[in-house]
Amino acid sequence: MIKFLDLKSTNNRYEADLKNTFQYFLNKGHYVLGEEVSKFETAFAEYCGTKHCVGVSNGLDGLVLILKACMLSGKLSEGDEVIVAANTYIASILAILNAGLKPVLVEPEAATFNINPLEISKSISNKTKAIMVVHLYGQLCNMDAISKISKAHNLLIIEDAAQAHGAYDTVLKKKCGNLGYAAAFSFYPTKNLGAFGDAGAVTTNDKELASKIAKLRNYGKESKYVNAILGVNNRLDEIQAAFLNVKLPYLDEENTIRRAIAKRYLSEIKNDKITLPYWNNTENHVFHVIVLKVEHRKKFETYLKENGIETLIFYPIPPHKQAALKAFEHLSFPITEAIHNKVISIPLNTAIQDKDVTYIINVLNAY
């Protein structure tokens, strides 16, 4: 069986460095918000091209902290509307709700799976204060068009960058994480830059926002035993920061490997029953996953399994059809629903071998 993702294999190259890093961490005796977190925050801000990075517990918490910090500074108020793609992972919407704001769901572009700028424009009301762009599956949204909309209507752009570490916008000449007011990253183990447990970060160029998030993540502390605001415990673990410091220097190289595999799939899979994802062959896509569309997904899934290929579905149920979001179940999003009914992903990771890619292509072409 060709596994969809084997985390042990993808992390083999780091094993010696990770063991040394853990021993150093164990010996130094400082385990919370120490030098490894500070080192990672500096390095990741530099990588993204932003002035600030704040390490947090995970991507969802990062989004919530951004929104709550914006509320503390008066940029957002309870009940304000935030436009977000209807086909995103539920975390994007949960963040908006958990911050006391109102998500306004809009359709994506059928080809890119990303939020449609035309739908954003149609959904703006006098209560709209922000756009949450989700760079789904590793492909950047149309940030040139969205940036123009945000400037015209004075809307904040919040990036949900959980799946797009290192993606580069060739129009705006900036990396993911530096394409809006603030961005939240997840370093869940399966991500392009994955930790060994939950971890996340927020990037921004706003010093005040970064300061508020740094306080919020740590009980609202201004200094030891001095709590300036109502905060939470959403800190980035020191050990996870240490492991991320080992892996970050290799991120661009690994994204290049992912794009090379994707290029093979997109050029060599030739089957009218399979719809391949859109990609303009630039660095705007880092292929966190590659997403195909098929009409009879269960049949296709079974066929691949019988041929020794593991698949995954991102995501089988759209957010507005989830029991947790009953308030949205009356809404209709035909493009979103079609996407969720048809998408399926095949193996694409830095450990997969060329012969396995060739085998997968041949199996798909024979379907």
So, [X] versus [Y]: side-chain donor-acceptor pair below 3.5 Å or not?
X      : Y      : answer
Gln139 : Thr112 : no
Asn142 : Asn114 : no
Lys68  : Asn98  : no
Asn218 : Asn233 : no
Thr256 : Glu253 : no
Asn284 : Thr282 : yes

Quiz prompt | Criterion side chain to side chain contact (heavy atoms under 4.5 Å, CB included) against Pro103, the qualifying member of Ile83, Leu94, Leu97 | solution =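 The residue from Ile83, Leu94, Leu97 that satisfies side chain to side chain contact (heavy atoms under 4.5 Å, CB included) with Pro103 turns out to be Leu97.
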Quiz item: With Pro189, which of Asn11, Thr10, Leu7, Leu5 fulfils side chain to side chain contact (heavy atoms under 4.5 Å, CB included)?
Solution: Leu7
Quiz item: At their closest point, which heavy atom of His340 faces which heavy atom of Ile317, and how far apart are they?
Solution: ND1-C, 3.6 Å
Quiz prompt | Closest approach of Cys141 to His135 (non-hydrogen atoms, all atoms of both residues) | solution =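 Here Cys141 and His135 meet closest at N-ND1, 3.1 Å.
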Side chains of [X] and [Y]: closer than 4.5 Å at any heavy-atom pair?
X      : Y      : answer
Ile346 : Ile344 : no
Thr88  : Met132 : no
Asn87  : Pro318 : no

Does [X] use its side chain to pair, donor to acceptor, with the backbone of [Y] at less than 3.5 Å?
X      : Y      : result
Glu238 : Glu35  : yes
His296 : Lys298 : no
Asn271 : Lys273 : yes
Ser211 : Lys207 : no

Practice problem: Enter the distance from Tyr315:OH to Thr336:OG1 here, rounded to the nearest 0.5 Å. | Solution: 13.5 Å
Quiz item: If you round to the nearest 0.5 Å, how far is CD1 of Ile213 from SG of Cys70?
Solution: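 Cys70 SG to Ile213 CD1: 7.0 Å, rounded to 0.5 Å.
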Quiz prompt | Inter- and intrachain pairs under salt bridge (Lys or Arg N to Asp or Glu O under 4.0 Å), touching residues 333-346, at least two apart | solution = Glu295-Lys342
Self-check item: Pairs meeting criterion salt bridge (Lys or Arg N to Asp or Glu O under 4.0 Å) with involvement of residues 159-176, two or more places apart
Solution: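 As it turns out, the salt bridge (Lys or Arg N to Asp or Glu O under 4.0 Å) pairs with a partner in residues 159-176, which skip direct neighbours, are Lys175-Asp252.
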Between [X] and [Y], does the ring centre distance come in under 6.0 Å?
X     : Y      : result
Phe25 : Tyr31  : yes
Phe44 : Phe187 : yes
Tyr14 : Phe243 : no

Quiz item: Can Lys75 and Glu208 be said to form a salt bridge (charged side-chain N to carboxylate O under 4.0 Å, His left out), step by step?
Solution: CA-CA 12 Å; Lys75 287 179 166 45; Glu208 181 188 357; 5.2 Å; no
Answer yes or no: is there an ion pair linking [X] with [Y], defined by an N-O contact shorter than 4.0 Å?
X      : Y      : answer
Glu268 : Arg264 : yes
Lys305 : Glu301 : no
Lys102 : Glu78  : no
Lys8   : Glu15  : no

Quiz item: With sequence neighbours excluded, what pairs up with Lys122 under the salt bridge (charged side-chain N to carboxylate O under 4.0 Å, His left out) test?
Solution: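 In terms of salt bridge (charged side-chain N to carboxylate O under 4.0 Å, His left out), with neighbours along the sequence ignored, Lys122 is linked to Glu119.
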Show every donor-acceptor pair shorter than 3.5 Å between a side-chain atom in residues 56-63 and any protein atom, with sequence neighbours excluded, or say none if there are none.
{"unit_1": "Ser57", "atom_1": "OG", "unit_2": "Asp61", "atom_2": "OD2", "d": "2.5"}
{"unit_1": "Asn58", "atom_1": "OD1", "unit_2": "Leu60", "atom_2": "N", "d": "3.1"}
{"unit_1": "Asn58", "atom_1": "OD1", "unit_2": "Asp61", "atom_2": "N", "d": "2.7"}
{"unit_1": "Asn58", "atom_1": "ND2", "unit_2": "Asp61", "atom_2": "OD2", "d": "2.9"}
{"unit_1": "Asp61", "atom_1": "OD2", "unit_2": "Asn234", "atom_2": "ND2", "d": "3.3"}

Practice problem: Taking side chain to side chain contact (heavy atoms under 4.5 Å, CB included) as the test, write out the residues that go with Ile352, two or more places apart. | Solution: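 Here the qualifying residues are Ile2, Ile261, Tyr265, Pro347, Asn349, Asp356, Val357, Ile360.
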Using residues 220-227 as the side-chain source, report each donor-acceptor pair under 3.5 Å to any protein atom, sequence neighbours left out, with the distance given to one decimal.
{"unit_1": "Asn227", "atom_1": "ND2", "unit_2": "Tyr219", "atom_2": "O", "d": "2.8"}

